[in-house]
Each structure stands twice: as C-alpha cells, then as structure tokens.
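Along the sequence shown, residues are numbered consecutively beginning with 1. Keep in mind it's a predicted model, so treat the numbers as computed, not measured. Both ligands and their constituent atoms are indexed starting at 1 by order of listing.
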Amino acid sequence: VKQLKGLAASPGIALGPAFVYRPVELAAQRLGADDPAAEWARFQLAAAAALEQLALLRQKAVAEVGEAEAAIFDAHQMIIGDPDTETELRTEIDGGASAAAAVDIVFSREVKNFETMDNPLFRERAADFADVRRRLLRALLGVSEDSLAVLDRPVVVVAHDLMPSDTAQMNKAMVRGFCTAAGGPLSHTAILARNLGLPAVVGAGEGVMAIENEAPIIVDGAGGLIVIGANDEERADYERRAQALAEARATVAVAAHEAAITRDGRRVEVVANIGLPGEETDALQAGAEGIGLLRTEFLFVDRQTAPTEDEQFRAYRPIFEAMGQRPVIARTLDIGGDKPLAFLSVPHEANPFLGWRAIRIGLAQPELLKTQLRALLRAGRGCNLKIMFPMVATVEEMRAARALVEESRAELKLSGEPLAESVEIGMMVEIPSAALMIDLLAPYADFFSIGSNDLTQYTLAADRGNPAVASLVDSLHPAVLRLVDNVIRAAHAAQRRVGMCGEMAGDLNAIPILLGLGLDEFSMGAAAVPPAKALLRQLSLAAATALARKALAQPTAAAVRETVKRWLADERQHSP
Ligand code: PEP
Ligand code: MG
C-alpha cells in the first residue's frame, strides 16, 4: 500500500478508479510574425471566442453550483477585457510576436507575478491567469477542449491542479472526489470541493501524477491522505467509514435548521462566514442563523479603481435582502500589507502582517472607509446590520472608527438617503493588545468577535501562511485559549456579547472548549454549520465548562487536543 500525504481540503472519503487528468501542453511559437495587424485581428477573434465560451460556462456553473462558483467566469472575462493586458499584448505583437506567442508571454508573466505573492489568496489568482492563457491559446491554435467533460463513469479525479474552467466543464455527476499535486486549502479546487460536498486532498506533491489511470484509489479528505493499492480488507474498512460519514451527514442535515441548544439548555448562536456574493444562499441552506462575518475584500481586489458607493451598495443589498431580519456582521475592508490593492500604492513592507493593513489603511484614507460605511448603512436599511472593524489594536482606533461611522451617517441624512438605524458597531479581537484590554475597549465596541486565525499568529509570533512554522499556528495552544478566556470574561463583565469568526469556531475539537469558556456566537463556513450544531446539541454546558478549565491548564497544544479527544469520546459514550 502506498500513501501520499497532502492537505485536508474537503472532508469525506471517496473510493474509485483514478482518472488522471493531463491537459495538453500548448506551446506557442512563431516569435517572428511579420504582419502585426493580422496577428492583432487573430487575437481579437480568439478573445471573442473565449468570451463566448466563458458566458456559456458561467450559465452552466450558475445552474449546477450557484452564483458564487459562477463569479469566477466574470473574473476571467474581465481579465480578457483588461485594457492594461491589451496594451501589453499589443506591445508584444507590434514587436513581432504572433498572437499566440504574445498571449503566452503576457499571461505567463502574470502567472509568475501572482505565484510569487505572499498572500495565498493572491497566489490562487495565478490559476485564473493560467486558465485564461490556456483558453486563448486553445482558440488561437485550434485545439479542442480537454477530456473532463466526457466522464462517463464514477471516478476520483487526479490532477496536477484543476482550473476553474476544468471543473466547470467537468461532468460532476461522475466525480466522487479529487486529489491534486498543487494547491492550498484556499485553492479553487478546495473551495469547489467543499461547495459540492466532495472529498478532496490538495497539495499532495508531484507523486500524485505517478498514480496510474484506472488504478483504484482512496481519498480521505479529512485526513489529507491518498491511499493507492489498498487490499480488500482496507478497502472494506474505508467503504464502511464512507458509508458511516454519509449517514452522519444526512442525519445532521435533517436538524440543521433547528437551534443549537445544549442538553442543559444553553442556547448559542451558529452563524456563517461568507466572502462572495451568492454565499448567503449556502449559509441559509446550511441552517446558519445569520452572517457572523461578511468579508468585503472581494469588492476591492483585482481592480484599478476603488469601487464606488453605489457599486458597493449593489453588491451588499442582495445579501441583506436574502438574510431578512437575521443579523449580518459586515466587516470593513481588511486588506493591505500582504494583500496589495492595485489602486492604492502600498510601499513594499518587510513585515506586511505587522504593517499597513485593515483599519490602519481605513483610518489613514478616511474617504475610502467612509464610502464603504455609507454603502453599508444604505444597504442595511430595514435589516439587521452590524458593522465590525478588523485588526483593531488600540482604543484610539475604535474612537476614530466610530467617529467615521457617525460622519457617514450624518452625510447620508443630509442627502435624505434611507439608511439603517440603531446599527451595532463592533470590532474583531485578533491582536493580543486588544485581547488584553477588552474592558477599556468596551465603551467603544457594542460587540466583539474573536479572529482566532490572526490572534493565533500574533500570539505565537508565527506567520499563518508560512508552512515552515505551520506546527506553531495552532489555535488550541493554551496561550491562545487563555486569551480567549480573558476576552470572554472581560466582555461579559462589560455586558458585551462575544463571537468568534476564525476557523477555530467551526473546529469540532475546539467547539466544546469554546462553549465551556462561554462563547455566545460561533461563525464558520456554511458547510461546517450542520455538524457544529449537532455537536453542540450533544454537549452540556456544565461538562464543557469543566473541560475548558482543564484545557487552560495544559502545557501544550498537543496536550489540549488529547484532553478534548478523550473528553469527547467519554461524553459521547454517556450522552443519551
Ligand atoms: C481571523 O483572523 O480569524 C479572521 C476571521 O479574519 P481573516 O481570516 O479574514 O484574517
Ligand atoms: Mg483576521
């Protein structure tokens, strides 16, 4: 038996014959084209064909997976129509490149640019440019589409990486799971797999491509494991586990719309994190009681100018309309430093995570932040809007941020715009300084939401995106738990509710501890909502409180994990 270890991208177990996907390598030659006008015309024909294909793929994606998935094809259409890219193509063609060579040069350069960025979200953009490059080259070289569209039997797809157009044309009814050599947990394949509820392992290394076509393989999505050549007994074991998982998923889905109330009557709120228009639908379907984190970065990346107030209003309003009276916590722009904005010239920084980002940018460029605040206040009218500021480190920042909300409100009133009344203003607690002075921040924050992802990286001084220190970035570290404990106690003493919107809130091993520490609201990706609610219903607050005390006293993250594991096994045994 051979096992390949990768990253756990989407849970579940898939068994089946491997379908090894090798897209044809498209080589563009002819650097010495002699008629630039003819090459330019050729490019424009190819671009028109590509845009038409993308429009069709978009329709297919909307029908099959929903708006969020389809949005990627809008991005591809924008890449093709981008005036800067066109200028670069023209320069290459005027310099003697064929249309195909120009496309190859310009798009390969963009791919390289994005691949070297620090932020994983931006590195994923490389895949979009690679995808558009291939589409244009196929059109220019007269090569037809690849083979994923014609899958006619259930398979596990094995690939170096999957691009949005690969997965869009793929016959998904025949796909049991994925494994890829490249990609991270934020990659397109990983997100798609989670949305489709298919098991997936990504970033398993080039060994993946040595898997033979048709070889029976097993993908253990939660374990991040690919098993090749299992014997009958092992296969049967995995089949049983797959069956049990499917049954468990069906069971928790049935109760997804019921409240999360512990055995001893404590009710907590389970809400969703969303980051793209359309995801509110997934959140509602999964039984989320509101949105605990609306990441608004999607509106700001990949563009040359800041989005206008109206444009933002149009993006936010449908989300509020869909959520009705359920709470929606909109987080203002959390970008900068490692997530550069094309329309803001952020100078290179040696330590972007400690640099000019999030609320620091918003306060330095108040018009940028106020435009967003006005759009949110307008979009949230008649709904349950709450506004939250990211990366707050000091009291001054909260004072200044609140003042900007008041200014924005006053400006809207002057213009007679209808707007949301009595909006709670809160802040993320994701910097240790904030976690240590909740009592002093409480006068300026109506609620708190713990950003455990950043709080963990800042507490342990370990970059959350650097694989070399990945073992340190564990939110169950006792130091992080002690800060979380501090935050919840201090906030409750000041009569403030505390949520958590970092990944930890949806982690089934962390949930019992967080419940025991007194967390009021758990916010997580939509798919995590049904199992989190099911677990909460099995627990008792009294027992979880005892567990939390014990966890706080452990010396290491590993010891905390071991403590929870034992406790959960024990609780499950004794729960009715
Ligand atoms: C966090 O830091 O935990 C968080 C939710 O914010 P983000 O992951 O967007 O930085
Ligand atoms: Mg954060």
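Counting heavy atoms from C-beta outward, E397 and R360 have side chains that approach closer than 4.5 Å.
At least one heavy atom of M428 sits less than 4.0 Å from an atom of ligand 1. In this structure, E297 falls outside the shell of residues with a heavy atom less than 4.0 angstrom from ligand 1.
The pair D439-R489 does not count as a salt bridge, with every side-chain nitrogen at least 4.0 angstrom from each carboxylate oxygen. Salt bridge annotation for R549-D485: present, with a cationic side-chain nitrogen under 4.0 angstrom from a carboxylate oxygen. Salt bridge E407/K370: present, at least one basic N to carboxylate O contact under 4.0 Å.
With respect to T456, the side-chain contact (heavy atoms from CB on, under 4.5 Å) criterion is satisfied by exactly one of V480, D474, L483: V480.
Side chains of Y444 and R402: no donor on one and acceptor on the other come within 3.5 Å. Using modelled atom types and a 3.5 Å distance limit, the side chains of Q372 and Y316 yield a donor-acceptor pair. If you check the side chains of Q457 and D454, you find a donor sitting under 3.5 Å from an acceptor.
In terms of polar-atom proximity, defined here as any N/O pair under 3.5 Å, R357 makes no such contact with ligand 1.
Contacts between R331 and ligand 1, counted as non-hydrogen atom pairs separated by less than 4.0 Å, involve the side chain only.
Listed by atom number, the atoms of ligand 1 under 4.0 Å from C501 heavy atoms are 5 (C).
Take a cut-off of 2.8 Å around the Mg ion (ligand 2): the protein N, O or S atoms inside it are E430 OE1, D454 OD2.
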